[in-house]
Trainee: 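Supplied in structure tokens, the structure appears directly below.
Quick note: numbers below take in every heavy atom, side chains included, and nothing from hydrogens, waters or symmetry partners.
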There are 2 protein chains.
Amino acid sequence: MPPRHPPSNARPGRSRDERKSRTRRALLDAALEQMRGEHGFSDLSLREVAKSAGVVPAAFYRHFPSMEALGMVLVDESFATLRQTMRNLRTTRLPTKHVVRKSVETFLGYVQEHELHFRFIAKERYGGSTPIRMAIRQEVRLFTSELATDLARTPGTGKVSSGDLRLIAGLIVQTVSLATELVLDTDPGDLDAITQIVDDTDRQLRIVLAGASVWKSEGE
Amino acid sequence: MPPRHPPSNARPGRSRDERKSRTRRALLDAALEQMRGEHGFSDLSLREVAKSAGVVPAAFYRHFPSMEALGMVLVDESFATLRQTMRNLRTTRLPTKHVVRKSVETFLGYVQEHELHFRFIAKERYGGSTPIRMAIRQEVRLFTSELATDLARTPGTGKVSSGDLRLIAGLIVQTVSLATELVLDTDPGDLDAITQIVDDTDRQLRIVLAGASVWKSEGE
DNA sequence: TCCATTTGTCAACACCTGTTTACTAAACTT
DNA sequence: AAGTTTAGTAAACAGGTGTTGACAAATGGA
């Protein structure tokens, strides 16, 4: 009798580990790609992700136990690129004159480079499933703390308590978050719109910093 | 032969219009209710919403042409309660001493009262389908403008351009939005946690307002 | 060289999805 | 009192969903 299964298995790429991590990446990328448009993470279907990664649905389980597990990996990945972004931003020496504007410009540039990761975070930050949302919130908290200690090192923050520094850092994070979401909803070719966003965010941050500089903790 | 359809149609409530708007409400409420937990709007299924409203799936179409149409109604409803909330807040005369804190307290109180509407907006603001997201963004813009003209009427904002007033209003909206989302993720019985949120938000807003008061437009 | 491991395929499963059709009975209209 | 409108039902449809189990073939190690 003829073999019940016709000759299967894709072309024989290099080593086994490499092939495995290749399709794993393909699955992750397929998921990110499908979230480019309307879909949130919970709208994705395992079958479509698998198909778009060039693999049969059942193969998905060789890499992730469930869709949500894949989601958690995306959280980690996305915040890894965010941290890398911040590290780059910190090591780049900027003119002290327009620090704020240049920082915003640079940061939003990174956002456009790593569009899909930032888009993922933006979409799942409030809308996602509880475990994913909590993971994101935790990362944002951490990130805010780091920013607060950065602020503590900058001159003129002597009179501000560390608690208030955290609140100020929160304001900054929040402001930049909105800018990020606006950028993600803007055609990258529309330079005027991007400039407008940078401009507005720069001004908002300077207003916040102005407030911080006249703020004296505790004393009302 | 026996009738192919057993005696149908629910108990004979009042007038026809009233019965109609009753089930219409039931559908809207069912949708909101199902979004209490994990689900975003796009996770809802017409069938489940109908069932939970005590009606057969096909009956849904007597009230809305599609799920998305129902979603748009929810946007309208939700912002109607937001506007009502702001109207109440404006007409309530508050002690000039702790205006900010009292406003925050009151607003977040309304958020808890109309939990489901605010939860809907929070979830769909960034995650939702494009038409819904755009509708929400438009409403937030409008809302920010109103706040900006409010600010223009308060003393000490003489030197600030109307464009910058809008940016300041944006900061305030953004800050209160985050507070709203935190409240929605907090057990309403946990008074300490709520107080903490009110406290932090109050301080953040006062920092922003301090920044605004020393801000002079145009001149760097 | 032979055997074990592993990454993938195929096929079937039980179920849930939105939508359409034909039908009913209560509520309104005349 | 007779006729029309309408909010609702029941049943079927074509198709998509996650998950499972048995099998294949290439890779890696003995």
Side-chain angles (χ1 to χ4, degrees), chain A residues 1-31 34-35 38-73 129, chain B residues 1-31 34-35 38-73 129:
Chain A
M1 64 188 100
R4 296 210 305 124
H5 295 293
S8 63
N9 228 350
R11 65 197 97 80
R14 342 269 183 125
S15 84
R16 200 144 63 179
D17 286 14
E18 184 171 337
R19 296 223 310 131
K20 169 144 188 176
S21 65
R22 263 186 185 287
T23 52
R24 185 187 142 100
R25 255 264 64 83
L27 287 168
L28 291 165
D29 289 344
Q34 300 205 3
M35 292 179 66
E38 303 284 280
H39 296 13
F41 181 75
S42 65
D43 297 328
L44 300 189
S45 102
L46 184 152
R47 288 181 104 103
E48 291 231 26
V49 168
K51 178 190 303 185
S52 144
V55 122
V56 95
F60 181 94
Y61 295 101
R62 301 290 184 200
H63 302 272
F64 306 97
S66 68
M67 218 28 176
E68 180 165 310
L70 183 147
M72 295 303 288
V73 173
S129 75
Chain B
M1 64 189 101
R4 297 208 305 122
H5 295 292
S8 62
N9 230 347
R11 65 197 99 78
R14 342 273 184 118
S15 83
R16 200 146 62 180
D17 286 14
E18 184 172 337
R19 296 223 311 130
K20 170 146 188 174
S21 64
R22 263 185 185 286
T23 53
R24 186 188 141 100
R25 255 265 62 85
L27 288 168
L28 292 165
D29 289 345
Q34 299 204 4
M35 292 180 66
E38 303 285 281
H39 296 14
F41 181 74
S42 66
D43 297 327
L44 300 189
S45 102
L46 183 152
R47 286 181 105 104
E48 290 231 26
V49 168
K51 178 191 304 187
S52 144
V55 123
V56 96
F60 181 94
Y61 296 99
R62 300 289 184 204
H63 302 272
F64 305 98
S66 68
M67 224 14 182
E68 180 164 310
L70 182 147
M72 296 303 288
V73 172
S129 75

Trainee: Kindly determine whether Phe60(A) and Val55(A) satisfy side chain to side chain contact (heavy atoms under 4.5 Å, CB included), including the steps that lead there.
Mentor: CA-CA 8 Å; Phe60(A) 181 94; Val55(A) 122; 5.7 Å; no

Trainee: Rounded to whole angstroms, how far apart are CD on Glu68(B) and P on dG18(C)?
Mentor: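 The answer, rounded to whole Å, is 14 Å.
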
Trainee: To the nearest angstrom, how far is His63(B) atom NE2 from dT9(D) atom C1'?
Mentor: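 Taking atom C1' of dT9(D) as the reference, NE2 of His63(B) is at 13 Å.
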
Trainee: Ignoring the backbone of Glu48(B), work out which of dG8(C), dT17(C), dA26(D) is nearest its side chain.
Mentor: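 Closest nucleotide to the Glu48(B) side chain: dT17(C).
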
Trainee: Got Phe64(B) and Leu28(B) here, is their nearest side-chain heavy-atom distance under 4.5 Å?
Mentor: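 Yes; the side chains approach each other to less than 4.5 Å.
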
Trainee: Could you check how far CZ of Phe60(A) sits from P of dG21(D), rounded to whole Å?
Mentor: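 For the pair Phe60(A) CZ and dG21(D) P, the rounded distance is 18 Å.
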
Trainee: I'd like to know if Arg19(A) reaches the base of dG8(C) with its side chain such that a donor and an acceptor end up less than 3.5 angstrom apart.
Mentor: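 Answer is no: no donor-acceptor pair is held.
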
Trainee: Could you please name the option among dT19(D), dG8(C), dG8(D) that lies closest to any side-chain atom of Thr23(A)?
Mentor: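 From the listed options, dG8(C) comes nearest.
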
Trainee: In whole angstrom, what separates Glu18(B)'s CD from dA7(D)'s P?
Mentor: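 Value for this atom pair: 14 Å.
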
Trainee: Which nucleotide in the list dG28(D), dG8(C), dA7(D) gets nearest to the side chain of Ala59(A)?
Mentor: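 Within the option list, the nearest is dG8(C).
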
Trainee: Starting at the 5' end of DNA chain C, which residue's closest nucleotide do you reach first, Lys20(A) or Leu44(B)?
Mentor: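 Nearest nucleotide further toward 5': that of Lys20(A).
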
Trainee: Taking atom C1' of dG8(D) as reference, at what distance in whole Å does atom CZ of Arg22(B) sit?
Mentor: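 Rounded to whole Å, this separation is 16 Å.
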
Trainee: Within the structure provided, determine whether Arg19(B) and Arg14(B) are in side-chain contact (heavy-atom separation under 4.5 Å).
Mentor: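 No. Closest side-chain heavy atoms not under 4.5 Å.
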
Trainee: dT17(D) P sits how many Å from Asp43(A) CG, rounded?
Mentor: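 In whole Å, dT17(D) P lies 12 Å from Asp43(A) CG.
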
Trainee: Under a 4.5 Å cut-off applied to non-hydrogen side-chain atoms, are Asp43(A) and Glu38(A) in contact?
Mentor: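 No. Closest side-chain heavy atoms not under 4.5 Å.
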
Trainee: More 5' along DNA chain C: Asp17(B) or Arg47(A), using each one's nearest nucleotide?
Mentor: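 Of the two residues, Arg47(A) wins.
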
Trainee: Just the rounded figure in Å: distance from P of dT7(C) to CG of Leu27(A).
Mentor: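 For the pair Leu27(A) CG and dT7(C) P, the rounded distance is 13 Å.
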
Trainee: Describe the nucleic acid contact of Tyr61(B) in one word from base, sugar-phosphate, nothing, applying a heavy-atom distance below 4.0 Å.
Mentor: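 Base contact.
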
Trainee: Please report, rounded to the nearest Å, how far the C1' atom of dG18(C) is from the CE atom of Met67(B).
Mentor: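 After rounding, the gap between these two atoms is 11 Å.
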
Trainee: When only distance counts, do a donor and an acceptor, one from the side chain of Arg62(A) and one from the base of dG8(C), lie under 3.5 Å apart?
Mentor: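 Present.
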
Trainee: Let me spell it out: for each of Val55(B) and Ser66(A), pick the nucleotide of DNA chain D with the closest heavy atom. Which residue's pick is nearer the 5' end?
Mentor: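 The 5'-side residue here is Val55(B).
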
Trainee: Is there a donor N/O on one and an acceptor N/O on the other, under 3.5 Å, for the side chain of Arg16(A) and the base of dT5(C)?
Mentor: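 It does, because a donor-acceptor pair links the side chain of Arg16(A) to the base of dT5(C) below 3.5 Å.
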
Trainee: Could you walk me through whether Val73(B) and Arg24(B) satisfy the side chain to side chain contact (heavy atoms under 4.5 Å, CB included) test, starting with their C-alpha distance in whole Å, then the side-chain angles of each, then the deciding distance to 0.1 Å, before giving a yes or no?
Mentor: CA-CA 11 Å; Val73(B) 172; Arg24(B) 186 188 141 100; 3.7 Å; yes

